[in-house]
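Remarks on the structure that follows.
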Amino acid sequence: MSEITPEDVRQRAYRLRAELRRHEHLYYVLDRPEISDAEFDALMIELRGIEADHPELVTPDSPTQRVGGAPREDLEKAPHSSVMLSLDNAFDDDELRDFDRRARELADVEALDYVGELKLDGVSLVVRYAGGAPSLALTRGDGEQGEVITPNARTLRTVPLSIALQTLDAAGVPPDFEVRGEVVMPRAAFERLNAQQLAEDKPAYANPRNVAAGTLRMLDASVTASRRLDFYPYLLLAGGAAVFDSHWASLEALHGLGFKINPHRARLHGVDELFAFRDEWLGKREGLPYDIDGLVFKVDDLALQERLGATARAPRWAIACKPAAQQAETVVRNIEVQVGRTGAVTPRAVLEPVFVGGVTVSHATLHNAQEIERLGLQIGDRVVVVRSGDVIPKVVRVAAEGAERRPFRMPASCPVCDEPVERPEGEAVTRCNNVSCSARLKESILHFAHRSAMDIDGLGAWLVDAVVDGGLVKDLADLYTLTEAQLADLTKDTKVSKTRLGEKSAARVMDALERSKTVPLRRLVYGLGIRHVGERTAELLAARYPSVEGLAQATVEQLEEVDEVGPRIAESIRTFFESGRNRELIERLRRHGLRLEDEPAPPDAQPADSAVAGKTFVLTGTLQEMTRGEAAARIKAAGGKVSSSVSGKTDYVVAGESPGSKLQKALQLEVEVIDENELLELLTVRTPEG
Ligand code: IVH
């Protein structure tokens, strides 16, 4: 027998690496193992042995190198190659149809090609490849910057550690590219982990998504390596541009490069196929080995995707459909009508209270008379109610006709001011056109005072009822004529008790009114309640026209030049400012000292007496009112500090939606956890002077 030469050892190591890689791919990507776990381990042990004896033979892409990585001190941040957007949701058939219609209109075609995918309920991961090897891996972070978790990502068996340049070339993918996808922990792995936790007397984890998020951020990447996490890419980018003509082709190419692409995907044509795909997979979701939180539909043609573009939040070429799990059946006891801010008279169903989507619901919107007709709904019927996200509950269909059902008729006069209501030809909405209708005024005030608008804390529904019904407020500007004494004397009269507002609360409202005079212009523009002008549009308008005067003078054509402002919005803004009543309102607001233009805030404006000053905050999860970046900026402006990791020195952890491992850490260290509202409160509270 001839002696083993160094070349033989080198060759053996090379073969073992290739074999192990092939088996990893078969096992983790294709779910089609050819050898047993023990045989796999034996190959790995042999390779480790060789590498231990011959460190010069260790290659960075060796399967042995997935494990390990020294513990890191903290997670660094790095910018994303392009901002990581969210997805808009379609909660029902109409919303999905709307999405398709908008995309078709923009594309100017009869029917579009889509790709249907599962929306995996995990955490997003970005992996950048350079020369065919992973060079940087990032979490989503705040969408603009992610946390660097390269060593952790390298431990995932579904992240190829090296892709031959010829393979890339043959697939038509450049050597430097980026994949974005979702990391999930299969349910079975999650259950095993929890069983182990319990056996070790440790607390169980809440769900696979939290574990996946925590595991990816582990400082010790060997912990990441010890857990089964799968990476499913859903996007390929190269130099900021698309590589292929279609999304489908990019997924196929990634699959060819060894990535695990979710097999439950389909090319779909036209909206009906979207419905079919959605219903099929929402029905089968329980049988999947991992959690999903819906489906995603993407316009297949990448050139068209580019043309469709994105809003600040989400692309216009994709939509997520949520499972319709948040639904329940109940009985419609009555149908009543409400008058909104624009005078719209809206019927709503009074329900037998029912628990749905985590809350008890006793009302559901019915939109308009046509909708009631479409549903075939009568009072007394049994209906299906859905509640998705923070959307108002909605009646989606009649489940069974009530034994003593009776039809609903839209009233001929306003239920509040008794003036006749009107339903213009061709419109679905019935309106009360009496501008001094108190219901309209109350709604306008509530909108004006809302946290996202003028943020007049304490001016809630009953107080608005009281000031309007008491004749103290006849328009928005009258709010600023209120005195502390007037407010303090108002009483909340419920059937069981009478409560006087009192001096303290009155002073709080007065303070909030005073503070509202200097809110940024975008909030005032939103608060005015101009039809079709939501928060986002108000922000864009204020950025273009930094004063109300400028906005009031803009022509329809000029307004249409503002991003996302179309003819309908532009007309509505013009109509608003053409009204003499509204112009007078603006003038009175000005006389009451409201700042009607944006001024750059003076540097260091924040006094040190803010409740935030000197405190250290850690932010985690998605906030609703602002991005984490904005929150951090506001905390800093108020004299607080923001840190990226939780420690004994942390004063507050602000937890948004889907918080990460920082929340767990906060609970461990018994650091105070607050939500976004509490943060906003802290930001406005001042400690006593002196
Ligand atoms: S596409 C710009 N496809 O859902 C659009 N996202 O709100 C990029 N997600 O956190 C997203 N499965 O990580 C896309 N098949 C899929 C997905 C998916 C899960 C996650 C994604 C993001 C969230 C979007």
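Note that ligands are numbered from 1 as they come in the structure, with each ligand's atoms numbered from 1 the same way. Worth knowing before you read on, the calculation uses all heavy atoms, side chains too, and leaves out hydrogens, waters and symmetry mates.
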>> Between the side chains of Arg104 and Glu110, is the shortest nitrogen-to-carboxylate-oxygen separation below 4.0 Å, so that they form an ion pair?
In response: no
> What orientation do Phe259 and Tyr129 show, parallel under 30°, tilted 30 to 60°, or perpendicular over 60°?
Replying inline: perpendicular
>> Could you work out, with salt bridge (Lys or Arg N to Asp or Glu O under 4.0 Å) as the rule, every residue matching Glu105, not counting sequence neighbours?
In response: Arg101
> Do the ring centers of His269 and Tyr114 come within less than 6.0 Å of each other?
Replying inline: no
> Should you measure from each heavy atom of Leu118, which atoms of ligand 1 turn up under 4.0 Å away?
Replying inline: 12 (N), 15 (N), 16 (C)
> Can an N or O of Leu120 be found at a distance shorter than 3.5 Å from an N or O of ligand 1?
Replying inline: yes
> What atoms of ligand 1 come within less than 4.0 Å of a heavy atom belonging to Glu117?
Replying inline: 3 (N), 15 (N), 16 (C)
> Evaluating non-hydrogen atoms only, which member of Leu87, Ile292, Val184, Asn89 is closest to atom 5 (C) of ligand 1?
Replying inline: Leu87
> Is it true that Arg180 lies under 4.0 Å from ligand 1, counting heavy atoms only?
Replying inline: no
> Would you call Glu191-Arg187 a salt bridge at under 4.0 Å N-O?
Replying inline: no
> Going by distance only, is there an N or O of Gly181 that falls short of 3.5 Å from an N or O of ligand 1?
Replying inline: no
>> Does the structure place the NZ or CZ of Arg307 under 6.0 Å from the centre of the six-membered ring of Trp317, at an angle of no more than 45° from the ring's axis?
In response: no
> Would you say Ala318 touches ligand 1, if touching means a heavy atom closer than 4.0 Å?
Replying inline: no
> Does an N or O from Glu182, backbone or side chain, lie closer than 3.5 Å to an N or O of ligand 1?
Replying inline: yes
> Under 3.5 Å, N or O to N or O, is Leu235 touching ligand 1 that way?
Replying inline: no
>> Salt bridge check, Arg313 against Asp88: does any charged N sit closer than 4.0 Å to a carboxylate O?
In response: yes
